[in-house]
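A quick write-up on the structure given underneath.
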Amino acid sequence: MQVLQMQMEVRADPAEVGRARRWARSRLAGSGIGADEPLAETLILLISELVTNAVVHTGCPAVLRMLFPGAGAAVGAAAGSRIDTVRVEVADISARPPRRRCAEGDDTGGRGLELVDGLADRWGWHREGAGKRIWCEVDRGAPLWSGTFEPQHAATNRA
């Protein structure tokens, strides 16, 4: 199976998160994943979280990779070609492992890995050289949200 891999280097600067999102959007579009697909926005959110964790919590540069298994023929191919799974990886040179935090109601951080866990079909990390690689995968055919909206059970925040 062919794998299309794209990567960008990310400097240790929080402003790089926005650049990573813009880069990823353009690469997703080029791989046949439409900007209007829920998958695209889910992937952008996952990329944003993983890159943020890398640059903010480690203070180190990182490498963002997107892998499209089975996509070798999909880029520029005829209609009907389809990428079924997208893998996102962020590698950095910090030996500090990722750590889930329990955010309290007003905390401005601490929800990133919980968000990754909720949105990705699979995720994990492993040591790589002196650093680590954190990855997640999203299956294109899987429902991104399996709940239903029931207005009678919705909460309204009124101050």
- Flag side-chain contact, heavy atom, 4.5 Å: R65 against Q5: yes
- Answer whether the closest heavy-atom distance between the side chains of E16 and R21 falls below 4.5 Å. no
- Message: Within this structure, what is the CG-CD1 distance for the pair L28 and I47, rounded to the nearest 0.5 Å?
- Response: 6.0 Å
- Heavy atoms, side chains only, cut-off 4.5 Å: are L119 and V138 in contact? no
- Atom pair CD (E137) and OG1 (T85), whose distance is rounded to the nearest 0.5 Å: 6.5 Å
- Test item: D139 and D84 side chains (from C-beta on) under 4.5 Å apart, heavy atoms: no
- Query: Between A12 and G59, which heavy-atom pair has the shortest distance, and what is it?
  - Reply: CB-O, 3.4 Å
- Does the side chain of V90 come within less than 4.5 Å of K132's, by heavy atoms? no
- Query: Hey, does the side chain of T58 reach the backbone of A54 with a donor-acceptor pair shorter than 3.5 angstrom?
  - Reply: yes
- Message: Nearest 0.5 Å, please: how far is CG in L46 from CD1 in I134?
- Response: 12.0 Å
- Compare all side-chain heavy atoms of E37 with those of R140 and state whether any distance is below 4.5 angstrom. yes
- If you draw the axis of the six-membered ring of W135, does the NZ or CZ of R87 fall within 45° of it and under 6.0 Å from the ring centre? yes
- Note on the structure: side-chain contact (heavy atoms from CB on, under 4.5 Å) test vs V10 passes for just one of L64, D92, V17, V63, namely L64
- Measure the CG-OG distance between L67 and S31 for me, rounded to the nearest 0.5 Å. 11.5 Å
- Message: Are the side chains of M8 and R27 in contact, using a 4.5 Å heavy-atom criterion?
- Response: no
- From M66 CE over to L4 CG, what is the distance, rounded to the nearest 0.5 angstrom? 8.5 Å
- Message: Are I93 and V56 linked, directly or through intermediate hydrophobic residues, by side-chain heavy-atom contacts shorter than 4.5 Å (ILVMFWY only)?
- Response: no
- Considering only heavy atoms from C-beta outward, does the side chain of C136 approach that of R122 to under 4.5 Å? no
- Here the gap from W123 atom CH2 to L113 atom CG, rounded to the nearest 0.5 Å, amounts to 4.5 Å
- After noting the C-alpha distance and the side-chain angles of E9 and R19, does the key distance pass the salt bridge (Lys or Arg N to Asp or Glu O under 4.0 Å) rule? CA-CA 10 Å; E9 294 183 15; R19 188 172 75 91; over 6 Å; no
